Amino acid sequence: MTNPLLDFTDLPLFDQIRPEHVAPAVDALLAEAENALQTVTAPDFPADWKAISRVLDVASERFSRAWGAVGHLNAVADTPELRAAYNEAMPRVTAFWTRLGSDERLYAKYKAIDPAKLDPEQRQAHRNAMRNFVLGGAELQGEAKARYAEIQERQAELSQKFSENALDATDAFAYYAALSELDGVPEDVVSAARSAAEADGKPGYKLTLKMPSYLPVMQFAKSSALREKLYRAYATRASEFGDAKFDNTELMREILALRQEEAKLLGYPNFGELSIVPKMADSAQQVIQFLRDLATKARPFAERDLADLRAFASEQLGMIDPQPWDWSYVGEKLKEARYAFSEQEVKQYFTAPKVMAGLFKIVETLFEVSIRRDSAPVWHPAVEFYRIEREGRKVGQFYLDPSARPAKRGGAWMDDVRARWLRPDDGSLQTPIAHLVCNFAEGVDGKPPLLTHDDVTTLFHEFGHGLHHMLTQVNERDVSGISGVEWDAVELPSQFMENFCWEWDVLEHMTAHVDTGEPLPRSLFDKMTAAKNFQSGLQTLRQIEFSLFDMLLHTRFDASNAAPGAVMDLLQEVRAEVAVMPSAPFSRTPNTFSHIFSGGYAAGYYSYKWAEVLSADAYAAFEETAASDGTPSIETGRRYRQAILEAGGSRTAMESFKAFRGREPQLDALLRHQGMSEPQAA
């Protein structure tokens, strides 16, 4: 049997990979990587950057790419068999990466390399490597080192289980509603619900907790009872209120205790301080202060938002005491009344093919590239594959997996398939490839999928990450694209791209009414713009609530002595400090907070707000140089591409930002973009 996971000739053979391929591929590639590690750490092997890279980096990169393909399929095409194969192999994979990052012989080789003999890219990669060896336990000895390895393996296992529970608890819920319950729900959502019920052989209309089904019900369903039913199911996923086998409560406590222990082993007072070491921020306390300062600025706006909602609910909807499941509905109704349009009306103009064409047009214009359809083996018929070219040369490629479906993790993300790399083994230039994954509704009744404006913004966001990965001109793998970029700066290019979703000259090229083909009317766009910062105060406080909770959880929460429910107690404490909108007492948000329990954002969720300061200020440069009709400056686009996107992780994020902007970032652009800078008195 030939194993597709061992074929590195070009693109991953996603259509051929089966669960039974996982273990043999991991065994073979692990043996290869282990052998490479033993070779380069032998006493007579030279302490030479290129020599080590030629042997060890080549072997470890093959291993990383194959395991990345397995992990990707586990996220987008989960099956019991694949999950079992993934979980069986994961301890060995984790153990190898832990061993590699803490090998004192390899650390000694890197220490012996003379940075003066390296080029700037290699020097930055070397600096990062030296730091990562320390953070990876290379200076630990004996029992401490063994315990560190045990912690890494157990954390990987728990994080994977957390993710599985969140997915399974989401997928386990279905409610087959009667048509009479769906009054107010958009036609396309009702149609999709009917098709989903028919596919299950059930009467009625199938509603799920996947966003394309859940969110429109919360926004538009007139039935408060229906909204409450879905809200309770959504807010209590993977908690003690549901199926015990999906409950993440104890997993969270153990994950936090292990992180705390890891930090202490490495000489840090808590995991928050450990997490900050490779980031832009100087300390956990600086982050906490940043969040509290921003909360203070946003609070008056949030209080005004809430007062508006309460007054409208009471006066126009007869709701004297709105409940948590009512707020989305009230907010949508208020927006319709205040700005004379609804999200449902807007959605009719954003057909997926037209949106993609508009996204590609702005990227091609601004960054002087062309995007073409390409062919590749894929894991699902809905997946598309593209290539990016400049002057006829391939720069990068990407997979686009846009639609929500069972057995696919919720949310949206970008991940790398492989990095740009001037390969040390054969001297060839490896071009980067990215995954762009979303969870949009599929088309119904033969029509193309319709995207909300939020969906469009999400797509632009993930594409921004993709551009950071694919447009890099760095040849050193560990600092090319997103690699080596500080975590709290990695959202800059993604959030930067979101701004274009609010530019008329961009939107008019990416809209066509699903029935008439007419572009978005300027009058409707003007209403959307007027509503852009609708409830931005509340939304800002919501993000700060998550961010502050995350950082306090990892700095002052003692998981090893925590009583049951202590995680929720801390969240309630944060809400009392930050939030203005009351939350449901049964809500168990932490139990599906995958960003911090099974993603990469532990003690780093603040990165979204931190990077918003960078991205808003970067976009302000485009506002300052735009033509009189709003057309963005190609010259500014070129400077941004070269200073930020092409530089990747080859220098610090602050150096890249200053190379583009000519100064350090300032907060005022963010506050202005979000409507939270009051006009100065004359």
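Since this is a predicted model, take the numbers as computed values, not measurements. Just so you know, these numbers use all the heavy atoms, side chains as well, and skip hydrogens, waters and symmetry mates.
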message: For the CG atom of Leu106 and the CG atom of Leu100, what is their distance to the nearest 0.5 Å?
response: 6.0 Å
message: Any side-chain to backbone donor/acceptor pair from Asp550 onto Gly604? Under 3.5 Å, distance only.
response: yes
query: Is there a side-chain contact between Lys408 and Val437, using heavy atoms and a 4.5 Å cut-off?
result: yes
message: Tell me whether the count of non-hydrogen atoms from other residues, nucleotides or ligands lying under 6.0 Å of NZ in Lys210 goes above 12.
response: yes
- prompt: Which heavy atom of Leu29 sits nearest a heavy atom of Ala66, and at what distance?
  reply: CD1-CB, 3.4 Å
message: Angle between ring planes, His554 versus Phe271, binned at 30° and 60°: parallel, tilted or perpendicular?
response: tilted
task: May I ask you to say whether Arg154 pairs ionically with Glu254, meaning some side-chain N is under 4.0 Å from a carboxylate O?
output: yes
field: Test salt bridge (charged side-chain N to carboxylate O under 4.0 Å, His left out) applied to Asp188 and Lys347, Lys447, Arg194, the passing residue
entry: Lys347
message: Under a 3.5 Å distance rule, please check whether Asp455 uses its side chain to pair with a backbone N or O of Thr452 as donor and acceptor.
response: yes
query: Can you check whether Glu491's main-chain N or O pairs, donor with acceptor, with Ser494's side chain at less than 3.5 Å?
result: yes
field: salt_bridge(Arg62, Asp57) N-O dist < 4.0 Å
entry: no
- prompt: Are the side chain of Glu498 and the backbone N or O of Phe460 linked by a donor-acceptor pair below 3.5 Å?
  reply: no
task: Enter the distance from Ile371:CD1 to Phe398:CZ here, rounded to the nearest 0.5 Å.
output: 5.0 Å
query: Where does the angle between the aromatic ring planes of Phe63 and Trp97 fall among parallel (under 30°), tilted (30 to 60°) and perpendicular (over 60°)?
result: parallel
message: If we ignore hydrogens and angles and just use 3.5 Å, is the side chain of Ser60 paired with the main-chain N or O of Leu56 as donor and acceptor?
response: yes
query: For Arg65 and Asp10, which heavy atoms make the closest approach, and how far apart are they?
result: NH2-O, 3.7 Å
Residues Arg588 and Thr249: side-chain donor-acceptor under 3.5 angstrom: no
- prompt: Between Asp425 and Arg54, is there a side-chain N and carboxylate O pair less than 4.0 Å apart?
  reply: no
- request: Please determine if Asp416 and Arg420 form a salt bridge, counting it only when a charged side-chain N lies under 4.0 Å from a carboxylate O.
  value: no
- request: Give a yes/no verdict on a cation-pi contact between Lys206 and Tyr175, requiring under 6.0 Å between NZ or CZ and the six-membered ring centre and an angle within 45° of the axis.
  value: no
message: Tell me if a side-chain donor or acceptor on Ser213 pairs with a main-chain N or O of Thr208 at a distance below 3.5 Å.
response: yes
query: When the ring planes of His595 and Tyr605 are compared, do they come out parallel, tilted or perpendicular, using 30° and 60° as the limits?
result: perpendicular
- prompt: Under 3.5 Å, is there a donor-acceptor pair linking the side chains of Ser191 and Asp445?
  reply: yes
task: Kindly assign one of parallel, tilted or perpendicular to the pair Tyr234 and Tyr214, based on the angle between their ring planes and the thresholds 30° and 60°.
output: parallel
query: Does any N or O in the side chain of Gln430 come within less than 3.5 Å of the main-chain N or O of Ala419, such that one atom is a donor and the other an acceptor?
result: yes
- prompt: So, does Asn74 use its side chain to make a donor-acceptor pair with the main chain of Leu82 at under 3.5 Å?
  reply: no
task: Give the minimum heavy-atom separation between Phe246 and Ala172, together with the two atoms involved.
output: CE1-CB, 4.0 Å
- prompt: Ion pair present between Glu81 and Arg18, side-chain N to carboxylate O less than 4.0 angstrom?
  reply: no
- prompt: Would you call the rings of Trp379 and Phe14 parallel, tilted or perpendicular, where under 30° means parallel and over 60° means perpendicular?
  reply: perpendicular
field: Carboxylate-amine/guanidinium contact Asp168 Lys245, below 4.0 Å
entry: no
message: So does Glu198 get a backbone contact from the side chain of Lys202, meaning a donor-acceptor N/O pair under 3.5 Å?
response: no
query: Is NZ or CZ of Arg373 both nearer than 6.0 Å to the six-membered ring centre of Tyr386 and within 45° of the ring axis?
result: yes
message: I'd like to know if Glu389 pairs up with Arg387 as an ion pair, taking the criterion as any Lys NZ or Arg NE/NH1/NH2 lying under 4.0 Å from an Asp or Glu carboxylate oxygen.
response: yes
message: Can a side-chain donor-acceptor contact be found between Asn87 and Glu164 if the only test is distance below 3.5 angstrom?
response: yes
query: Can Gln38 and Arg105 be counted as having a side-chain donor-acceptor contact under 3.5 angstrom?
result: yes
- prompt: Salt bridge or not for Arg477 and Glu61, using N-O below 4.0 Å?
  reply: no
- request: Identify the heavy atoms of Ala178 and Tyr205 that sit nearest to each other, and give their distance.
  value: C-CD1, 4.3 Å
task: Show the numbers, then the answer: is there a ring-ring contact (aromatic ring centres under 6.0 Å, His included) between His465 and His469?
output: CA-CA 6 Å; His465 281 310; His469 178 64; over 10 Å; no
task: Return the orientation label for the Phe586 and Trp325 ring planes: parallel under 30°, perpendicular over 60°, tilted otherwise.
output: parallel
Sidechain N-carboxylate O distance under 4.0 Å for Arg253, Glu250: yes
- prompt: Using 30° and 60° as the class limits, which term best fits the ring planes of Phe463 and Phe360: parallel, tilted or perpendicular?
  reply: tilted
